[in-house]
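A quick write-up on the structure given underneath.
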Amino acid sequence: MEKYEFYGESFLSYPVFLNIKDLPCLVVGGGRVGLRKTLGLVDAGARVRVIEPRPSENLLEMEKNGQVQIKAAEFVPEDLGGMRLVFAATQKAEVNALVAQEAGKLGIWCNIADDPSGSDFFLPALVKRGDLMLAISTGGKSPALARKLRMDLEKIFDAAYLPFLELMGRLREILLAEGHDPEGHRDLFRSLVEGPLLEYIRMEDMETVALLLEPIAGADAMALAVSVIKEHPARKSPEKGECFPEKEGS
Ligand SMILES: C[C@@]1(CC(=O)O)c2cc3[nH]c(cc4nc(cc5[nH]c(cc(n2)[C@H]1CCC(=O)O)[C@@](C)(CC(=O)O)[C@@H]5CCC(=O)O)C(CC(=O)O)=C4CCC(=O)O)c(CCC(=O)O)c3CC(=O)O
Ligand SMILES: NC(=O)C1=CN([C@@H]2O[C@H](COP(=O)(O)OP(=O)(O)OC[C@H]3O[C@@H](n4cnc5c(N)ncnc54)[C@H](O)[C@@H]3O)[C@@H](O)[C@H]2O)C=CC1
């Protein structure tokens, strides 16, 4: 840091992106916070069970759609059987502490909504653009700041990053299929990510995008550009005036 030296005790953590597809995960307490954690787990493809005596309409709707399983009762330690991650998200500190204690006995990683220092992990604020994911943590010091930074970053890393990353991935596949040349590829990819490609994607200037892709994609450049930018499944209807889905700023 240039101007400020870090002072005081720093929170030690190890950032990872977990593959939790199809893994059983438990959310205890399906209120405001529990629902937010549940939505994140569902997005990641987990098998989610929610323990909530008074499930909300939102949760019941998700259960109808087969996204979650709800047990409309109070938590009992047996609920933890077979679970890999647990979120203690009730408004009752003693219930959350019990969930954490029992999870600890079983070696299940636990996030406690009201006890950052007792948690095995906590969640970052997220900017997601397809496979591009920016995760923001303040070490638990200020979730409000994490949320604000997420919204600021969403403006910088706008929806155009989705087709941009998709294109970079396709170009990389083409080049790697032709052979490995780490030095040459590095320069090529660096010039593509630093150059004007993103700007032309934003403008949907297909001619120029195709021109920039040509050195790698050859005669397929225009077809590639169209399939990724104009015909991408994530694209919303043009009458809405949006290219790709934007996350709401809530
Ligand atoms: C430690 C952590 C554990 C965890 O939950 O994983 C934790 C803990 C607590 N949060 C509390 C409050 C708020 N949490 C939010 C929002 C988010 N909280 C998230 C994560 C985390 N929250 C982890 C640390 C992340 C980090 O490193 O910063 C986000 C990023 C991700 C997510 O939850 O999915 C999501 C933003 C998502 C987005 O918008 O992008 C807001 C903002 C708002 O609602 O406007 C407020 C009110 C304002 C405020 O307090 O700042 C309280 C109660 C404090 C009290 O009693 O007053 C506790 C408990 C405590 O601190 O004791
Ligand atoms: N980590 C975070 O991001 C944040 C954490 N918090 C903390 O999270 C906790 C929950 O907050 P909210 O979701 O706003 O509360 P809430 O009151 O909306 O939800 C709590 C839910 O837990 C359920 N519940 C109560 N006892 C239970 C039991 N024995 N078994 C199963 N479910 C039970 C209730 O029926 C209720 O639906 C609070 O302690 C709050 O301080 C608050 C804001 C953000």
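Indexing begins at 1, ligand by ligand and atom by atom, following the structure's order. If you're wondering where the values come from, they're calculated on a predicted model, not measured in any experiment. All values below come from the heavy atoms of this structure, side chains included, with hydrogens, waters and symmetry mates left out.
- Residue Val95 places no N or O, backbone or side chain, under 3.5 Å from any N or O of ligand 2.
- Listed here is the closest heavy atom pair of Arg147 and Ala125: N-CB, 4.4 Å.
- Distances from ligand 1 to the non-hydrogen atoms of Ala113 include at least one value under 4.0 Å.
- Residue-ligand proximity: Lys37 is placed with a non-hydrogen atom under 4.0 Å from ligand 1.
- Residue Ile51 has at least one heavy-atom neighbour below 4.0 Å for each of these atoms of ligand 2: 31 (C), 32 (N).
- In the model, Ser119 has no side-chain atom that pairs as donor or acceptor with a side-chain atom of Asn111 under 3.5 Å.
- The protein does not reach atom 40 (C) of ligand 2 closely, with no heavy atom under 4.0 angstrom from it.
- Taking each of Thr90, Val28, Val33, Leu59 in turn, the one with a heavy atom nearest to atom 9 (C) of ligand 2 proves to be Thr90.
- Taking every non-hydrogen atom of Ala125 and a distance limit under 4.0 Å, the qualifying atoms of ligand 1 come out as 30 (C), 40 (O).
- Within the 4.0 Å heavy-atom cutoff, Gly139 counts among the residues contacting ligand 1.
- A donor-acceptor distance shorter than 3.5 angstrom exists from the side chain of Asp79 to the backbone of Val76, with no hydrogens or angles considered.
- Taking a cut-off of under 4.0 Å to the non-hydrogen atoms of Lys92, the atoms of ligand 2 that pass are 25 (C), 26 (N).
- Ligand 1 places these atoms under 4.0 Å from at least one heavy atom of Pro116: 1 (C), 60 (C), 61 (O), 62 (O).
- At least one donor-acceptor pair closer than 3.5 Å links the side chain of Asp158 to the backbone N or O of Ala160.
- In summary, the atoms of ligand 2 found under 4.0 Å from a heavy atom of Ala89, numbered by their order in the structure, are 10 (C), 20 (C).
- Across all their heavy atoms, Arg150 and Val127 have their closest contact at O-CG2, 3.7 Å.
- Using a cut-off of 4.0 Å between Lys/Arg side-chain N and Asp/Glu carboxylate O, Arg170 and Glu173 are scored as not salt-bridged.
- Below 3.5 Å of separation, one finds no N or O of Ile112 facing any N or O of ligand 1.
- Contacts between Pro124 and ligand 1 below 4.0 angstrom, taking non-hydrogen atoms only, involve the backbone exclusively.
- Residue Pro143 holds the heavy atom nearest to atom 15 (C) of ligand 1 of all those in Gly40, Ser142, Pro143, Ala88.
- Partner of Cys25 under the side chain to side chain contact (heavy atoms under 4.5 Å, CB included) criterion, out of Val50, Val42, Leu85: Leu85 alone.
- The residue from Ala144, Ser119, Gly118 that puts a heavy atom closest to atom 49 (C) of ligand 1 is Ala144.
- In terms of N/O distances under 3.5 Å, ligand 2 is not approached by Asn96.
- Ranking the protein heavy atoms by distance from atom 21 (C) of ligand 2 puts Glu52 OE1, 3.5 Å first.
- The option from Arg36, Arg150, Arg32 that lies nearest to atom 39 (O) of ligand 1, judged by heavy atoms, is Arg150.
- Atoms of ligand 1 lying under 4.0 Å from at least one heavy atom of Ser137, given by number and element, are 27 (O).
- Both Ile201 and Leu188 are part of a single hydrophobic cluster, where members link through side-chain heavy atoms under 4.5 Å apart.
- Here is the list of ligand 1 atoms found below 4.0 Å of a heavy atom in Thr138: 26 (C), 27 (O), 28 (O).
- For Tyr161, the OH atom sits in a packed shell: over 12 heavy atoms of surrounding residues, nucleotides or ligands are nearer than 6.0 Å.
- In this structure, Pro53 is part of the shell of residues with a heavy atom less than 4.0 angstrom from ligand 2.
- Ring-centre distance between Phe87 and Phe121: below the 6.0 Å cut-off.
- Panel note: side chain Arg129, backbone Glu154; a donor-acceptor pair is recorded below 3.5 Å.
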